[in-house]
Amino acid sequence: MAWFIFMAIGGLTVFLIAKQPVSIGIAVVTLVLLVAGYTVGRVSALGRAARYLETIFLSLTVFLLLVPTVNETLTRVPNGNPIAKGPDSPILLGALGTLIVLLVVGLTAQILHLRRSGNNFSAVPR
């Protein structure tokens with residue numbers, strides 16, 4: 001429950017600090033995926049797919065909150081002379097590309113772990 005609360009707070013705070021309009025869209029998608037991630041795992045009709053979808057949705061929430069976080073940080077810090085001068089800055093694009101690579105690697109590892117675990121999900125806290 002703490003994860004849900006903190007991620008919801010993170011998603012809601014994007015509305016307060018984001019300067020880029022796309023960040024608002026990312027916040028909305030993040031909140032939708034957060035709710036979907038917490039509900040899809042409890043839909044028994046989906047069978048094993050529910051666990052995979054839950055993992056994907058909740059991993060995407062972390063990734064999506066990191067996108068505006070990295071963007072806003074690199075375009076604001078240090079004050080007066082930010083690291084990234086704008087959305088097309090190579091350092092910002094590199095940082096966002098690194099996040100995408102980490103998402104793909106992380107999701108792949110999680111899905112492989114779920115596949116190896118089979119139906120034995122009793123060790124996974126709910």
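FYI, side chains are in, hydrogens and waters are out, and symmetry mates aren't considered; it's all heavy atoms of this structure.
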So if you build clusters from Ile, Leu, Val, Met, Phe, Trp, Tyr with side-chain heavy-atom gaps below 4.5 Å, do [X] and [Y] land together?
{"X": "Leu12", "Y": "Met1", "value": "no"}
{"X": "Val43", "Y": "Val32", "value": "no"}
{"X": "Leu34", "Y": "Leu46", "value": "yes"}
{"X": "Ile9", "Y": "Phe63", "value": "yes"}

Which atom of [X] lies closest to which atom of [Y], heavy atoms considered:
{"X": "Pro68", "Y": "Ile26", "value": "CD-CG2, 3.9 Å"}
{"X": "Leu114", "Y": "Tyr52", "value": "CB-CE2, 3.7 Å"}
{"X": "Ala27", "Y": "Gly11", "value": "CB-O, 3.5 Å"}

Working to the nearest 0.5 angstrom, can you tell me the gap between [X] [atom1] and [Y] [atom2]?
{"X": "Met7", "Y": "Tyr38", "atom1": "CE", "atom2": "OH", "value": "9.0 Å"}
{"X": "Gln110", "Y": "Glu54", "atom1": "CD", "atom2": "CD", "value": "10.5 Å"}
{"X": "Ile111", "Y": "Arg51", "atom1": "CD1", "atom2": "CZ", "value": "13.5 Å"}
{"X": "Lys85", "Y": "Leu74", "atom1": "NZ", "atom2": "CG", "value": "11.5 Å"}
{"X": "Leu53", "Y": "Ile56", "atom1": "CG", "atom2": "CD1", "value": "6.0 Å"}
{"X": "Leu58", "Y": "Trp3", "atom1": "CG", "atom2": "CH2", "value": "7.0 Å"}

Contacts table for residues 92-104: side-chain donor-acceptor under 3.5 angstrom, sequence neighbours left out:
from: Thr98; atom 1: OG1; to: Gly94; atom 2: O; distance (Å): 2.8

Q.
Tell me whether the count of non-hydrogen atoms from other residues, nucleotides or ligands lying under 6.0 Å of CD1 in Ile83 goes above 12.
A. yes

(Q) Can you list everything that forms a side chain to side chain contact (heavy atoms under 4.5 Å, CB included) with Leu33? Sequence neighbours excluded, please. (A)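 Per chain and number, Leu33 pairs via side chain to side chain contact (heavy atoms under 4.5 Å, CB included) with Val29, Phe57, Leu60, Thr61, Leu64.
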
Q.
Closer than 3.5 angstrom, by distance alone: can the side chain of Thr39 be matched with the main-chain N or O of Ala36 as a donor-acceptor pair?
A.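 Confirmed, Thr39 side chain pairs with Ala36 backbone.
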
Q.
Applying side-chain contact (heavy atoms from CB on, under 4.5 Å) to Leu31 and Val35, what does each step give before you reach the verdict?
A. CA-CA 6 Å; Leu31 293 171; Val35 171; 5.8 Å; no

